[in-house]
Colleague: 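This is the structure I want to talk about, given as structure tokens.
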Amino acid sequence: MSNAVDSANLILKLYELRREETMRKARDFMVSFDPKTFEEMQAGYAGPNSAYVRMVTGYWEMAASFVTSGAIDLKTFDAATGEHILVFSKVQPFLPQLREMFGSPAMLENLEKVCLSLPGGLERVNATRERIRAMLAMRAAASAK
């Protein structure tokens, strides 16, 4: 198990990685990526922005693996960011189908474990999805004016 200083240092390193230019673009894309069907999710993984989807989901799977392995404390990790919840909210409804499509039963398993093990985990995931959708709708309405 990690101590507080080790957890903090790893979280700071993860923060540094999130600031890289391509990763920033990928993260921006993921906020606006709003798949409502499995076909839309498939297009995200196979279309022109697939590198962004794979980069961000892979990043958060890696970060979550630090938590599930004990390298980072869950409470500290969750307090430092909410982005893992946002990213998981995008894939969660389609996870069984994605695992089947990729032939990977453990796909995003660490991210799933971390997000669902938090107090009110599934409720937070669902609420985040709806909050981001509302924000995107307000953004679209403002752009239409």
Colleague: Which residues pass the side-chain hydrogen bond (donor to acceptor under 3.5 Å, both in side chains) test with Asp34, not counting sequence neighbours?
Modeller: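 Applying side-chain hydrogen bond (donor to acceptor under 3.5 Å, both in side chains) to Asp34 gives Lys36, Arg133.
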
Colleague: Donor-acceptor check, side chain of Tyr59 to backbone of Leu14, threshold 3.5 angstrom: yes or no?
Modeller: yes

Colleague: Give the cluster check for Leu74 versus Tyr15: same hydrophobic cluster or not, with ILVMFWY residues linked at side-chain heavy-atom distances below 4.5 Å.
Modeller: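 Unlinked, Leu74 and Tyr15 end up in two clusters.
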
Colleague: Could you walk me through whether Arg124 and Asp78 pass side-chain contact (heavy atoms from CB on, under 4.5 Å), step by step?
Modeller: CA-CA 12 Å; Arg124 279 181 67 189; Asp78 189 49; 2.9 Å; yes

Colleague: To the nearest 0.5 Å, how far apart are CZ in Phe94 and CD in Glu39?
Modeller: 9.0 Å

Colleague: So which heavy atom on Phe77 is nearest to which on Ala63, and how close?
Modeller: CE1-CB, 3.9 Å

Colleague: If you round to the nearest 0.5 Å, how far is CD1 of Ile85 from CG of Asn126?
Modeller: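 One finds 10.5 Å between CG of Asn126 and CD1 of Ile85.
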
Colleague: Return the minimal non-hydrogen interatomic distance between Ser89 and Thr128, and the atom names on each side.
Modeller: OG-CG2, 4.2 Å

Colleague: Parallel, tilted or perpendicular: which describes the rings of Trp60 and His84, with under 30° parallel and over 60° perpendicular?
Modeller: tilted

Colleague: Show the nearest heavy-atom pair for residues Ala80 and Ile11, with the distance to one decimal.
Modeller: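 Ala80 and Ile11 have their closest heavy atoms at CB-CG2, 3.7 Å.
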
Colleague: What I want to check is whether the side chains of Asp6 and Asn3 have a donor and an acceptor closer together than 3.5 Å.
Modeller: yes

Colleague: With rounding to the nearest 0.5 angstrom, report the OG1 to CD distance, Thr37 to Gln42.
Modeller: 8.5 Å

Colleague: Is there side-chain contact between Arg18 and Arg24, with heavy atoms separated by less than 4.5 Å?
Modeller: no

Colleague: Does Glu123 CD have over 12 foreign heavy atoms under 6.0 Å away?
Modeller: yes

Colleague: Is the backbone of Met30 close enough, under 3.5 Å, to the side chain of Lys90 for a donor and an acceptor to pair up by distance?
Modeller: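 Present.
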
Colleague: If you compare all heavy atoms of Ile132 against all heavy atoms of Val31, which two are closest, and at what distance to 0.1 Å?
Modeller: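 The answer is CG2-O, 3.6 Å.
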
Colleague: Within this structure, what is the CG-CZ distance for the pair Leu86 and Arg27, rounded to the nearest 0.5 Å?
Modeller: 10.0 Å

Colleague: Please tell me if the side chains of Phe88 and Val114 come closer than 4.5 Å, counting only heavy atoms from C-beta onward.
Modeller: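 No - every pair of side-chain heavy atoms lies 4.5 Å or more apart.
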
Colleague: Measure the CE-CG distance between Met41 and Leu95 for me, rounded to the nearest 0.5 Å.
Modeller: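 One finds 9.0 Å between CE of Met41 and CG of Leu95.
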
Colleague: Quick one: OG on Ser65 to CD1 on Ile72, what's the gap to the nearest 0.5 Å?
Modeller: 8.5 Å

Colleague: Which heavy atom of Val53 sits nearest to which heavy atom of Gly44, and what is that distance?
Modeller: CG2-O, 3.4 Å

Colleague: Do the side chain of Asn49 and the main chain of Tyr52 share a donor and acceptor less than 3.5 angstrom apart?
Modeller: no

Colleague: Please output the side-chain donor-acceptor pairs of residues 98-110 that fall under 3.5 Å, not counting sequence neighbours, one pair per line with the distance.
Modeller:
residue, atom, partner, partner atom, Å
Arg99, NE, Pro105, O, 3.4
Arg99, NE, Met107, O, 2.9
Arg99, NH1, Glu112, OE1, 3.4
Arg99, NH2, Met107, O, 3.0
Arg99, NH2, Glu112, OE1, 2.7
Ser104, OG, Met107, N, 3.4
Asn110, OD1, Thr68, OG1, 2.6
Asn110, ND2, Glu61, OE2, 2.9

Colleague: Would you please say whether a donor-acceptor pair under 3.5 Å links the side chains of Thr57 and Tyr45?
Modeller: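 Note: Thr57 and Tyr45 side chains meet the donor-acceptor criterion.
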
Colleague: Taking Val87 as the starting point, is it possible to reach Met135 by hopping between hydrophobic residues whose side chains are less than 4.5 Å apart?
Modeller: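 Same cluster.
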
Colleague: Considering non-hydrogen atoms only, spot the tightest contact between Thr22 and Met55 and give its length.
Modeller: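 For Thr22 versus Met55, the nearest heavy atoms are CG2-CE, 3.8 Å.
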
Colleague: Any side-chain heavy atom of Gln92 sitting closer than 4.5 Å to one from Arg129?
Modeller: yes

